[in-house]
Amino acid sequence: MKILVIGGSYFFGRVFVMQAAGIHDITVLNRGTYSMAALGAAEIKGDRRDKPLWKSLREDFDVVVDFCAYEKGDIAAVLENMAGHIGQYILISTVDVYERGMGKVLKTEQTALETRVFPGEAGAYIAGKVALEQEIRAQCAAKDIPYTVLRPAILYGPFNYAPRESAYIQMIVQTGLLPHITDAAGEFQFLYIKDAADAVLRCLLNEQTYGQAYNLCQDQILTYDIFYETLLKASHMQPQELPMTAEDALRQGIPLPFPVAEEESELYSNEKSKRELGIRYTEFSAGMEKTFRAFQNVYLTSPK
């Protein structure tokens with residue numbers, strides 16, 4: 001299968017290419033910050049918003065997997081300018097597109113999307129993904145291209161250098177300390193990166209997924225307490241507990257990347273993805289053990 005990956009060099013896209021390159025013919029189009037050639041992928045260097053770049057790309061692709069569409073117009077720039085045939089377009093969206101403020105109700109793929117625009121970078125990200133979901137439907141309908149939308153929850157796992165679980169692992173390895181946020185009441189859901197990549201693989205030219213969206217998230221609902229206990233066990237290093245409030249953490253520059261307050265909690269159902277894609281999500285404890293092992297050697301040899 002011939003697949004064009006847009007983005008694809010950082011975390012989710014990288015892991016997908018690692019899993020898919022031995023099976024499929026992969027071409028990665030990105031700005032060339034990280035080379036993917038060693039993974040067995042062909043590379044096209046360029047900015048996705050460069051319309052002449054898309055006009056110059058005249059090959060046919062069975063599937064386009066778009067990991068880095070963030071702003072309205074990003075999909076239109078591809079589909080209005082590529083001359084080659086596309087068999088399916090897969091958009092990596094986010095569970096954040098749903099209407100917010102529903103409490104502990106598990107949002108399904110039928111839940112209404114957010115129509116409000118919130119301030120700041122996070123608000124722009126949500127508004128962009130909502131607009132792109134509308135855009136992919138319109139663009140693909142006009143060009144008779146099947147599409148699939150995947151909505152991952154909070155991604156974790158090897159190669160995640162965003163200041164989330166990796167920041168806490170780094171503290172364990174380099175300082176022997178593990179922060180424990182004692183006053184956080186927020187709830188959240190994770191998605192192990194290899195499960196995310198597997199979901200994309202299961203959608204490739206899968207007619208059952210055409211015109212569909214899927215929430216991708218593990219079964220377990222997490223809290224900061226569960227995160228702490230799971231990471232403690234996964235480390236096998238007996239780090240010293242560093243209890244602190246969320247305010248203390250902010251003051252000390254320790255990241256709080258997950259919802260802290262109960263009213264910030266947004267939860268999602270994964271039943272459709274399990275039923276229609278056949279996914280069996282990795283248990284958080286198993287995924288975190290693999291994640292810790294992957295990062296341990298990295299932080300043992302890197303500067304403190």
Side-chain angles (χ1 to χ4, degrees), residues 1-50 53-54 57 59-70 74-75 77-79 82 84-94 129 132 136 145-162 164-166 190-206 209 214 216 273 277-279 281-282 287 290-291 293-295 297-298:
M1 197 178 299
K2 193 171 182 180
I3 301 172
L4 176 65
V5 173
I6 307 176
S9 63
Y10 183 81
F11 197 32
F12 189 176
R14 183 179 186 85
V15 174
F16 170 73
V17 172
M18 290 171 68
Q19 293 191 201
I23 309 169
H24 303 291
D25 179 1
I26 306 293
T27 299
V28 176
L29 188 152
N30 59 27
R31 288 176 291 184
T33 305
Y34 304 100
S35 176
M36 305 294 284
L39 300 178
E43 296 182 294
I44 300 172
K45 185 176 180 179
D47 190 317
R48 70 166 300 144
R49 297 189 176 95
D50 181 5
L53 173 66
W54 293 113
L57 192 59
E59 297 179 65
D60 295 339
F61 290 96
D62 296 302
V63 184
V64 172
V65 185
D66 196 338
F67 286 94
C68 67
Y70 297 116
D74 280 352
I75 295 172
V78 178
L79 295 181
M82 273 187 70
H85 171 76
I86 296 172
Q88 179 191 17
Y89 201 111
I90 298 177
L91 170 66
I92 307 302
S93 185
T94 171
K129 288 294 189 181
L132 286 164
I136 194 173
I145 297 172
Y147 73 90
T148 305
V149 175
L150 297 178
R151 297 169 178 161
I154 302 170
L155 287 161
Y156 79 103
F159 301 103
N160 184 18
Y161 290 96
R164 296 201 285 264
E165 76 282 356
S166 61
F190 274 10
L191 173 63
Y192 187 52
I193 189 61
K194 289 188 177 180
D195 294 343
D198 179 51
V200 181
L201 288 169
R202 289 169 182 262
C203 290
L204 299 175
L205 296 185
N206 179 349
T209 72
Y214 296 93
L216 304 178
S273 64
L277 300 181
I279 297 175
Y281 289 99
T282 301
K290 295 175 184 178
T291 303
R293 288 198 301 270
F295 277 110
N297 289 336
V298 173

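Listed here is the closest heavy atom pair of Thr282 and Asp195: N-OD2, 2.7 Å. Taking every heavy atom of both residues into account, Trp54 and Ala77 meet most closely at CD1-O, 3.7 Å. Between Ala69 and Lys129, the shortest heavy-atom contact is O-NZ, 2.8 Å. Nearest heavy-atom pair, Ile90 versus Cys203, reported as atom, atom and distance to 0.1 Å: CD1-CB, 4.0 Å. Shown here for Gly87 and Pro146, the closest heavy-atom pair between the two residues is O-CD, 3.2 Å.
Side-chain contact between Val64 and Ile6 is present, with at least one heavy-atom pair separated by less than 4.5 Å. Side-chain contact between Ile136 and Leu79 is absent, with no heavy-atom pair separated by less than 4.5 Å. Taking the side chain as every heavy atom from C-beta outward, Gln88 and Thr209 approach each other to under 4.5 Å. Put simply, the side chain of Tyr161 does not reach to within 4.5 Å of the side chain of Phe11, judged on heavy atoms.
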Could you pull out all donor-acceptor pairs under 3.5 Å where a side-chain atom in residues 21-29 meets a protein atom, sequence neighbours excluded?
none

List the atom pairs, donor and acceptor, that lie under 3.5 Å between side-chain atoms in residues 40-47 and the rest of the protein, sequence neighbours left out.
| residue | atom | partner | partner atom | Å |
| --- | --- | --- | --- | --- |
| Glu43 | OE1 | Ser35 | OG | 3.3 |
| Glu43 | OE2 | Met36 | N | 2.4 |
| Asp47 | OD1 | Arg49 | N | 2.9 |

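When the side chain to side chain donor-acceptor pair (under 3.5 Å) test is applied to Tyr281, the partners found at least two apart in sequence or on another chain are Ser273. Qualifying salt bridge (Lys or Arg N to Asp or Glu O under 4.0 Å) partners for Arg48, counting only residues two or more places apart in sequence or in other chains: Asp66. For Lys2, the salt bridge (Lys or Arg N to Asp or Glu O under 4.0 Å) partners are Glu59, not counting sequence neighbours. Listed by chain and number, the residues in a salt bridge (Lys or Arg N to Asp or Glu O under 4.0 Å) with Arg14 amount to none (sequence neighbours excluded). For Phe159, the ring-ring contact (aromatic ring centres under 6.0 Å, His included) criterion is met by no residue, not counting sequence neighbours. Under the ring-ring contact (aromatic ring centres under 6.0 Å, His included) criterion, Tyr70 pairs with no residue at all, not counting sequence neighbours. With sequence neighbours excluded, the residues satisfying side chain to side chain donor-acceptor pair (under 3.5 Å) with Tyr214 are Glu276. Every residue two or more places apart in sequence or in another chain was checked for a ring-ring contact (aromatic ring centres under 6.0 Å, His included) with Tyr89, and none qualifies. Among residues two or more places apart in sequence or in another chain, the side chain to side chain contact (heavy atoms under 4.5 Å, CB included) test is passed with Pro158 by Tyr192, Ile193, Thr291, Ala294. For the ring-ring contact (aromatic ring centres under 6.0 Å, His included) test, no residue two or more places apart in sequence or in another chain qualifies with Tyr147.
For the atom pair Phe16 CZ and Ile92 CD1, the distance stands at 8.5 Å (nearest 0.5 Å). Taking CG of Asn160 as the reference point, atom CD1 of Ile154 lies at 10.5 Å (rounded to 0.5 Å). Remark: Leu216 CG to Leu191 CG distance equals 5.5 Å, nearest 0.5 Å.
Looking at Asp62, its side chain never comes within 3.5 Å of a backbone N or O of Met1 through a donor-acceptor pair.
Using a 4.0 Å cut-off between a side-chain N of Lys or Arg and a carboxylate O of Asp or Glu, Asp198 and Lys194 do not qualify as a salt bridge.
Ring planes of Tyr156 and Phe190: tilted class, angle from 30 to 60°.
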* Derivation of the side-chain contact (heavy atoms from CB on, under 4.5 Å) call for Val5 and Asn30 -> CA-CA 8 Å; Val5 173; Asn30 59 27; over 6 Å; no
